[in-house]
Amino acid sequence: MPELPEVEILVRGLNRSLPGRRILSVRLGKTDFMDNPAAIERELPGLKIAGVARRGKYIVLGLRLGAADGDGAGADSALVVHLGMTGHLSARPAGEPPAAHTHAQFALDDGRELRYTDPRRFGRILWLAQEALPAFRNEIGIEPLTTSESAFSARIAGRHAGIKALLLNQRVLGGLGNIYTDESLWRARIHPQRLASRLKRAEMRALWRAIRRVLEAAIRSGGSTVSDYRNADGQPGWFQLRHRVYQREGKPCFRCRSNIRRIVVAGRSSHFCPQCQRAPRKRRFRGPTS
DNA sequence: CGTTGAACCTGTTTGC
DNA sequence: TGCAAACAGGTTCAAC
């Protein structure tokens with residue numbers, strides 16, 4: 001469910017009610033997707049949630065030992081959550097029966113429980129001490145919404161790799177997934193199989209602008225709900241109604257009415273307009289020619 | 001460096 | 001109707 005816009009909307013929602021709450025106790029279910037479940041059970045009880053932030057697709061709950069109320073700055077440690085494909089995080093009344101596949105429950109001091117639910121368990125949960133936070137943040141690439149175009153170019157230009165693979169690489173750019181990669185490439189009129197090193201300067205600029213505009217528009221629409229995404233209040237997003245290519249195979253392009261196609265690029269379903277997004281001359285990895 | 005395919009796990013949709 | 005295959009918002013790792 002989760003790419004940058006969905007995580008951002010969720011983080012904003014969590015930030016409306018979590019800061020200042022204290023974690024009373026922890027209950028874990030299946031823990032095979034957690035880095036160190038014992039540390040989570042040991043460290044979290046008694047800590048206060050200072051604030052909720054986002055880094056790429058990760059949710060970072062800043063935790064603090066002290067009694068001083070928080071503005072989110074200066075956390076002593078953090079609970080870091082990645083939603084994978086099907087993860088959900090929400091605060092529910094403690095008396096409410098947990099949804100199926102709820103694997104973590106954090107009892108709060110206001111009668112609610114912060115619950116993590118994830119049928120496929122492709123998500124990730126870890127606890128990081130303050131000293132480990134900078135290294136964690138550095139593993140993730142630039143933030144699309146708060147970084148300059150020149151920083152983006154520096155990370156992309158000249159690299160001998162497919163542009164789709166680069167945009168999906170979280171060490172290059174933090175937050176883009178399959179939906180927003182396809183949507184951005186369509187807006188920039190760049191074929192997903194193009195090589196980054198072959199992009200012209202104008203194309204790089206168009207791509208950067210497309211990424212930012214798509215992400216900002218998606219956030220304004222509350223994110224995309226393709227199947228089961230819900231925000232902190234349990235509400236779906238609406239940006240899926242504005243998708244131009246994602247899951248629109250065989251439907252007409254919004255610009256030229258050509259039929260949208262779907263091929264596999266970088267191991268992922270990739271949707272594009274064959275007319276607006278011209279294929280590179282030398283197609284990579286073709287079968288024998290006839 | 002780069003690419004591909006498989007693996008991780010469950011649920012839903014599609015096809016025969 | 002029933003069962004199998006395909007597919008899914010993500011990441012990681014082995015192999016080449």
Side-chain angles (χ1 to χ4, degrees), chain A residues 1-11 29-35 54-59 80-89 99-103 116-126 136 139-141 144 155-185 192-198 214-215 218-219 221-231 236-250 262-271 280 282-287:
Chain A
M1 79 202 227
E3 299 181 33
L4 187 153
E6 292 74 38
V7 177
E8 176 66 25
I9 293 294
L10 182 57
V11 163
K30 292 188 178 179
T31 59
D32 55 345
F33 62 98
M34 304 180 192
D35 285 38
R54 178 188 60 73
R55 181 74 178 92
K57 297 173 188 173
Y58 284 89
I59 299 162
V80 178
V81 178
H82 192 296
L83 300 173
M85 296 272 258
T86 53
H88 297 281
L89 192 62
H101 307 291
T102 296
H103 304 302
Y116 181 78
T117 303
D118 188 354
R120 292 179 75 177
R121 307 204 301 286
F122 278 6
R124 184 181 174 196
I125 300 181
L126 64 157
F136 161 74
E139 283 176 16
I140 303 165
R155 293 222 160 198
I156 299 284
R159 290 190 62 167
H160 193 70
I163 187 62
K164 171 131 183 174
L166 279 179
L167 295 181
L168 287 173
N169 185 339
Q170 301 299 299
R171 304 180 80 96
V172 173
L173 204 61
L176 283 201
N178 209 32
I179 293 177
Y180 297 106
T181 297
D182 281 3
E183 292 297 316
S184 298
L185 288 171
Q193 285 179 317
R194 294 279 299 282
L195 292 181
S197 55
R198 295 282 189 81
V214 166
L215 294 177
I219 289 171
S221 297
S224 301
T225 294
V226 170
S227 164
D228 53 11
Y229 169 72
R230 293 294 184 277
N231 66 20
W238 298 106
F239 195 69
Q240 67 278 7
L241 301 176
R242 308 192 81 117
H243 290 175
R244 292 309 188 232
V245 283
Y246 184 76
Q247 287 192 342
R248 291 195 66 249
E249 182 183 15
R262 178 172 75 93
I263 60 176
V264 174
V265 181
R268 311 294 300 279
S269 265
S270 300
H271 313 76
K282 268 186 154 181
R283 285 202 184 175
R284 297 171 298 151
F285 302 105
R286 293 274 304 175

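Here is how names work: the chains are called A, B, and so on, in the same order as the sequence lines, proteins then strands, and each is numbered from 1.
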Tell me the interatomic distance from [X], atom [atom1], to [N], atom [atom2], rounded to whole angstroms.
X       : N       : atom1 : atom2 : answer
E249(A) : dA6(C)  : CD    : C1'   : 13 Å
L166(A) : dT3(B)  : CG    : P     : 7 Å
N169(A) : dT4(B)  : CG    : P     : 14 Å
F33(A)  : dG10(C) : CZ    : P     : 18 Å
E3(A)   : dT11(C) : CD    : P     : 9 Å
R124(A) : dA7(B)  : CZ    : C1'   : 17 Å
R268(A) : dT12(C) : CZ    : C1'   : 13 Å
R159(A) : dC1(B)  : CZ    : P     : 8 Å

Distance in Å, L4(A) CG paired with R54(A) CZ, rounded so as to fall on 0.5 Å steps: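 Taking CG in L4(A) and CZ in R54(A), the distance rounds to 3.5 Å.
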
When you compare [N] with [M], how far apart are their [atom1] atoms, in angstrom units rounded to a whole number?
N       : M      : atom1 : answer
dG10(C) : dC1(B) : P     : 24 Å
dA6(B)  : dA5(C) : P     : 15 Å
dA6(C)  : dG5(B) : P     : 15 Å
dC9(B)  : dC3(C) : P     : 25 Å

Residue [X], side-chain heavy atoms: nucleotide from [options] that is nearest:
X       : options                  : result
H82(A)  : dC9(B), dT10(B), dT11(C) : dT11(C)
D32(A)  : dC9(B), dT10(B), dA8(C)  : dC9(B)
Y246(A) : dG11(B), dT3(B), dA8(C)  : dA8(C)
R120(A) : dG10(C), dG2(B), dA8(C)  : dA8(C)
Q170(A) : dT11(C), dG2(B), dA8(C)  : dT11(C)

Within the 4.0 Å heavy-atom criterion, would you say [X] contacts the bases, only the backbone, or no part of the nucleic acid?
X       : answer
T225(A) : base
K164(A) : nothing
R262(A) : sugar-phosphate
G267(A) : nothing

Closest non-hydrogen atom pair between R55(A) and I140(A), with its separation: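 The answer is NH2-O, 2.7 Å.
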
Minimal non-hydrogen separation, K164(A) against A266(A), with atom names: CG-CB, 4.3 Å

Distance-only side-chain donor-acceptor flag, R120(A) / T86(A), under 3.5 Å: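 No, no side-chain donor-acceptor contact under 3.5 Å.
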
Donor-acceptor pair between E3(A) and Y229(A) side chains, under 3.5 angstrom: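 Absent: no donor and acceptor within the cut-off.
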
Trace of the side-chain contact (heavy atoms from CB on, under 4.5 Å) decision for R124(A) with Y58(A): CA-CA 9 Å; R124(A) 184 181 174 196; Y58(A) 284 89; 3.1 Å; yes

Consecutive-pair stems (at least three Watson-Crick or G-U pairs, under 3.5 Å) that include DNA chain B: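 Stem list for DNA chain B: B:2-8 with C:10-16, B:10-16 with C:2-8.
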
F122(A)-dC8(B) aromatic stacking (under 5.5 Å, under 30°): yes

It should be established whether [X] places a side-chain nitrogen or oxygen under 4.0 Å from OP1 or OP2 of nucleotide [N].
X       : N       : answer
H160(A) : dT3(B)  : no
K57(A)  : dT11(C) : yes
T86(A)  : dC9(B)  : no

Option passing side chain to side chain contact (heavy atoms under 4.5 Å, CB included) with P2(A) (candidates I59(A), I9(A), L83(A)): L83(A)

P119(A) vs A266(A), nearer the 5' end of DNA chain B by closest nucleotide: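 Residue closer to the 5' terminus by nearest nucleotide: A266(A).
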
R242(A) (side chain) donor-acceptor with S224(A) (main chain) under 3.5 angstrom: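 Not at all, since once roles are kept as given, no pair shorter than 3.5 Å links the two residues.
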
Within the 6.0 Å centroid threshold, strictly below: Y116(A) and H103(A): no

